[in-house]
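Remember, it's 1-based here, ligands and their atoms both numbered in the order they're listed. Below, each value reflects all heavy atoms present in this structure, side chains not excepted, and no hydrogens, waters or symmetry copies. In this chain, residues are counted from 1 in sequence order. Small disclaimer: the values here were computed from a predicted structure and weren't measured.
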Amino acid sequence: MSVSLTSFALPTTIVTSRLSVSASPSTATSPLLPGPSSSSLQCQHFQSCSGCSHEWDLDRPPALEEAAKFFKDAGVSDFTFDSCRLWKWRCRAKLAVRGTSDGPLIGLYKEGTHEVVDIPLCRAHHPSINAVVNLLKQGIVELHIQPYDEDLRTGELRYIQMAVTTYDTSIPAAERYQRGKVQVALVWNSRSEHSPGFEKLNALSDFLWRKGGPRSGVHIIHSIWVNFQTSSNNIIFGNRWRHLLGERDFWERIGGIDVSLAPSSFGQANTLAFDSLLRKLQKYVPFGSSVVDLYAGAGIIGLSVAVTRKCRAVKCIEINKESKISFEQSLSRLPKTVDSSISWHHADASIEPLHWLEGSDVIVVDPPRKGLDQSVIFALQNLVSSERKAANASASSTLKANDEKRPGFYVQGKLLFI
Ligand SMILES: C[S@@+](CC[C@H](N)C(=O)[O-])C[C@H]1O[C@@H](n2cnc3c(N)ncnc32)[C@H](O)[C@@H]1O
């Protein structure tokens, strides 16, 4: 993960946020879990699995040099890079379930194919994720659960999503990460709980709960959910979610706030890196500013800066309506002293984006992998050029006065890459 602050000629702060999947695994300074002595991946699945793209020097990914040069050329002086954990960093995984009930395969597709590679010993996964995968395989074999067959569109279990919560104040802080518990979501190939086969789903979730729930010796499972999906396309989740066992609410402590994440909401995969990213990002948000968080998911970035930077207003824009519940739950746990106008809007950021951007001092953009929508890029460019014009037209004395009203924030404007 890299963080940089650069000055462009605009009076608005634009924050772009991205957590890299393959290049930001561990930290040498982490007290939590010892890793191999070198910074190589040392994963036996590396050749066949598409999950990781680099095997050596994980603390110095090839993109680092390119990024450093980019920021240097742009005149950025405080570019920093933090690799965080190199192993066991992934706290959220969506894995396909294929193969047979005697020989299930649980993992990722081989590059460019729909052939699933079994990755029981993945080095990037949090250890509780690998432990749940192992339990799930036992359950599939014992209960004769049929993995999904994409060609025939038959079978029962299509995918499993696992998210680890490390939030448990009843155990010592130093042990919380290692003892993280997993919110399990089983993607089941039927329409609803009224469809045939529901008993098998119940039997599987009971099996997992018995072996990994609070009464088992290991307690690695936080909760179990099901998502019903019968579509033949590649979309992992259907629209119907049901909570089956365990605690319904899933909490994590990130960026100085308690955040709730339902399985249907987007969540960052690298919890520790995301926390570190937010703590850096907060420093670039001027106190009391008005912030818009585009592509906000459950609004974690917006809520985190609302609290830590005492923002005047925060608007979160997100296309997935399922994220709203998580946003509202997190909002309800903010300190009562927070005096900010905070709102979450179910909207497509690419439609008339200027409408959301106008009047904001800080713009956070954290788009999906495909990147920013063209219309958002145009809107940002328009904003930059119109503010540049306005700044040029103003007298330098006026600029100075504005600077003083907003300590630590220069009229020059800032762009943060993470
Ligand atoms: C990389 S995630 C970031 C989520 C959030 N910032 C976080 O850290 O948890 C990208 C988010 O953008 C949302 N999204 C995708 N296209 C969108 C659009 N056109 N308008 C608004 N949100 C969109 C996705 O649903 C997803 O929640």
> For ligand 1, which atoms, with element, lie under 4.0 Å from some heavy atom of A347?
20 (N), 21 (C)
> For R242, run the side-chain contact (heavy atoms from CB on, under 4.5 Å) check against W225, F198, F228, W188 and tell me which one passes.
F228
> Can you check whether F274 has an N/O within less than 3.5 Å of an N/O in ligand 1?
no
> Check ligand 1 against D348 and write out every atom of the ligand that is under 4.0 Å from a heavy-atom position of the residue.
18 (C), 19 (N), 20 (N)
> Given the side-chain rings of W356 and H345, with only the six-membered ring counted for Trp, is the space between their centroids under 6.0 Å?
yes
> Run the contact test for S265 against ligand 1 with a 4.0 Å cut-off on heavy atoms, strictly below, and give the result.
no
> Should you measure from each heavy atom of I301, which atoms of ligand 1 turn up under 4.0 Å away?
6 (N)
> Closer than 4.0 Å to some heavy atom of G297 - which atoms of ligand 1 meet that?
4 (C), 5 (C), 27 (O)
> Using a 4.0 Å heavy-atom cut-off, which part of A298 comes near ligand 1: side chain, backbone, both, or neither?
neither
> Considering both backbone and side-chain atoms of I319, is one of its nitrogen or oxygen atoms within less than 3.5 Å of a nitrogen or oxygen in ligand 1?
yes
> I'd like to check the salt bridge (Lys or Arg N to Asp or Glu O under 4.0 Å) partners of D73; sequence neighbours left out, ordered by chain and number.
K69
> Please list, in number order, the atoms of ligand 1 under 4.0 Å from a heavy atom of D366.
1 (C), 2 (S), 3 (C), 4 (C), 5 (C), 6 (N), 7 (C), 8 (O), 10 (C)
> Side chain to side chain donor-acceptor pair (under 3.5 Å) with T166: which of Q178, E252, R179, R176?
E252
> Here's one to test your reading of the geometry: is the NZ or CZ of R98 within 45 degrees of the ring axis of Y159 and under 6.0 Å from its centre?
yes
> Validate the cation-pi geometry between R253 and Y167: distance from NZ or CZ to the six-membered ring centre under 6.0 Å, angle to the ring axis within 45°.
no
> Should Y284 and D78 count as side-chain neighbours, where that means a heavy-atom distance under 4.5 Å?
yes
> If you measure every N or O of E318 against every N or O of ligand 1, does any of those distances drop under 3.5 Å?
yes
> Would Q268 count as a polar contact of ligand 1, with the cut-off being nitrogen or oxygen pairs under 3.5 Å?
yes
> Suppose I only count heavy atoms of D373 and a 4.0 Å limit; which atoms of ligand 1 are within that range?
19 (N)
> Looking just at side-chain N and O atoms, do H114 and E150 make a donor-acceptor pair shorter than 3.5 Å?
yes
> Listing request: all side-chain hydrogen bond (donor to acceptor under 3.5 Å, both in side chains) pairs with a residue in residues 301-314, at least two apart in sequence or in separate chains.
Q282-S304, R312-D361
> With a 4.0 Å cut-off on heavy atoms, does P367 reach ligand 1?
yes
> Within a distance under 4.0 Å of any heavy atom of A349, pick out the atoms of ligand 1 and give their elements.
18 (C), 19 (N), 20 (N), 21 (C)
